Amino acid sequence: MKKQIKSKWQPMNPDLVMYNGKIVTVDNDFSITEAIAIKDNRIYGVGLSSDMKNLSGEKTELIDLNGATVLPGINDAHCHLNGFGLERPPFLVDLAYPLIKSLEDIRKTTAAKIAEVGIGKWISGWGWDRGFLAEFKDKPQSWPTRYDIDPVSPDNPVVYSEFSGHTCLVNSKVLEIAGINRDTPNPENGIIQRDASGEPTGILFETAAGMMRELVPPPTEAERKTGILNAMAELNSLGITCVTEPGLNADQIRIYTNLYNQGKFTLRVNCMVMGGPSLNAVKQILDNVGTCTGFGNEWLRISGLKLLADGIPPSKTAFMYEDYLGGGHGKLLVDGKTDEERYDMLISMIKYANARDFQVGIHVTGDRGIDACVDGYIAALAEHPWDARHYTIHTDYVTLKCMKRMAKHNIGANIQSAIKWTIGNLMVGIVGEKRAAYHWPLKSLFDAGVRVSNSSDASVTYPDWRQGVESAVLRKDKATGNVLGAYECISVEQAIRSYTINGAWQDHQDNVRGSIEVGKLADFTIIGDDILSIDPNRIHEIPVLYTIVDGKIVYKNLKY
Ligand SMILES: [Zn+2]
């Protein structure tokens with residue numbers, strides 16, 4: 001692909017020329033230039049303002065960027081878009097900071113929602129975080145209970161997911177409907193938390209939390225579509241042009257396809273098919289899907305298979321070599337009775353998907369879990385080699401040794417720097433200071449040559465890539481401002497790569513997007529400050545001016 005202006009024999013008249021800007025191309029040399037010409041949905045020229053303006057004809061629209069910075073369209077490489085749409089008002093109660101700062105706020109919000117929808121109706125909410133509830137300031141390791149919300153919800157079942165999605169708080173009404181009491185055993189890979197006397201507290205972890213969410217009557221088809229379109233519009237307003245949507249079932253892919261067919265897309269969506277916890281489950285799902293990585297087009301495509309290998313560090317369910325403070329080291333969350341059986345099961349699942357030409361992305365956070373996944377990828381590729389670009393999702397505690405293996409075998413790392421910002425200090429009480437500092441070793445990953453893609457994991461964090469860049473560069477904790485592991489800070493340039501070309505690489509799309517180069521898709525994020533020179537503490541404040549997808553403006557900031 002050529003970077004320079006096309007020669008004279010080619011047709012002129014680009015549709016749009018944007019000039020007088022700072023164009024951060026994110027090409028191999030990270031070169032910076034002034035102007036872009038667009039024809040149809042592609043980049044037609046990149047270069048100096050005078051040269052690009054010279055290309056324009058009668059029908060060319062000219063936009064003076066007035067010094068604004070243009071980035072390749074921002075790519076959120078792990079974003080539960082359809083979930084995010086349904087996990088926000090008007091569908092769900094927003095329980096996230098800064099709206100919610102205490103249990104008292106949760107009670108008030110719950111009472112208001114019940115007044116709105118009526119007695120007896122199910123109430124769902126998303127996003128509470130102990131780290132930001134006033135009552136837990138001095139006891140960050142304890143949990144809220146059903147008795148904290150029962151007084152305002154005696155007759156409405158209430159299911160409130162924690163920001164991580166791995167934990168739920170429910171009220172007594174829900175336990176009553178679910179028939180959960182002191183005699184109910186924990187489900188496989190889930191925990192019903194109990195107090196000293198053995199009574200369920202209303203806090204449920206992992207599969208037990210999922211069971212609570214499944215009790216809530218599902219949204220209608222119209223609500224699901226509205227949720228996706230709301231989410232697309234909100235992401236466009238943040239400058240996002242593309243997402244990887246992890247863990248969809250066949251019906252969710254159908255809804256996306258339906259919206260695409262209606263011409264409603266304003267954001268590119270790479271779908272990961274959701275796998276299951278055993279080889280049989282994976283076989284059944286992939287055989288039913290009947291296609292493989294790459295099916296679709298540049299707007300909507302099947303990118304890979306999502307698997308789940310362990311839990312998350314804050315819940316002490318990540319599979320670690322070294323114990324958590326207070327004991328325990330997690331385990332693989334696939335079928336099997338022993339660590340060895342579960343390891344073998346995971347490897348067989350990866351091998352099967354790889355042989356079916358499916359890229360595999362695995363949710364895995366603990367160092368021991370990550371090693372197991374990478375073992376599986378390397379073994380699978382040895383049997384059936386192809387440009388799979390398998391990757392680990394989250395990758396929290398990847399070891400230095402493992403990074404080298406990942407780089408050697410072209411295995412990517414998907415990370416979430418904004419989760420580090422959210423839970424940074426909380427981790428000190430889970431794994432101690434040293435491991436809390438090492439948590440998400442981004443600089444080491446880049447130094448090892450691993451392709452690092454960045455993402456929000458929305459709704460785990462709000463899908464604001466600016467906060468993600470800032471957090472990757474500063475590694476500050478949201479609640480305290482403490483810097484955790486300064487030695488793993490990356491540069492703004494590296495953080496931008498993680499949100500553009502590296503995400504495109506992850507999804508086998510770096511040949512058509514991820515950088516501003518001639519011939520690539522015309523996806524741009526135009527921002528009002530120079531992200532490369534601004535004080536990094538202010539990156540999250542940079543205004544998004546325009547978002548352009550496929551050559552069309554999908555968001556324009558009316559304040560500028
Ligand atoms: Zn996720």
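Atoms within each ligand, like the ligands themselves, are counted from 1 in listed order. As the structure is a computational prediction, the values presented were derived from the model and not from experiment.
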Practice item. Kindly assign one of parallel, tilted or perpendicular to the pair H384 and W386, based on the angle between their ring planes and the thresholds 30° and 60°. Key: tilted
Review point. Taking F265 as the fixed residue, which of L259, D550, L229 is the one that meets the side-chain contact (heavy atoms from CB on, under 4.5 Å) rule?
Key: L259
Study note, to complete from the structure: Sequence neighbours excluded, the answer for salt bridge (Lys or Arg N to Asp or Glu O under 4.0 Å) partners of K443 is D447
Revision key, fill the gap. What lies under 2.8 Å from the Zn ion (ligand 1), restricted to protein N/O/S atoms, is H78 NE2, H80 NE2, D457 OD1
Point to revise | side chain to side chain donor-acceptor pair (under 3.5 Å) involving N230 - partner list, sequence neighbours excluded | key: none
Exercise for review: Output all residues satisfying side chain to side chain donor-acceptor pair (under 3.5 Å) with T500, sequence neighbours left out; order by chain, then residue number.
Suggested key: none
Point to revise | Salt bridge D344-R342, side-chain N to carboxylate O under 4.0 Å | key: no
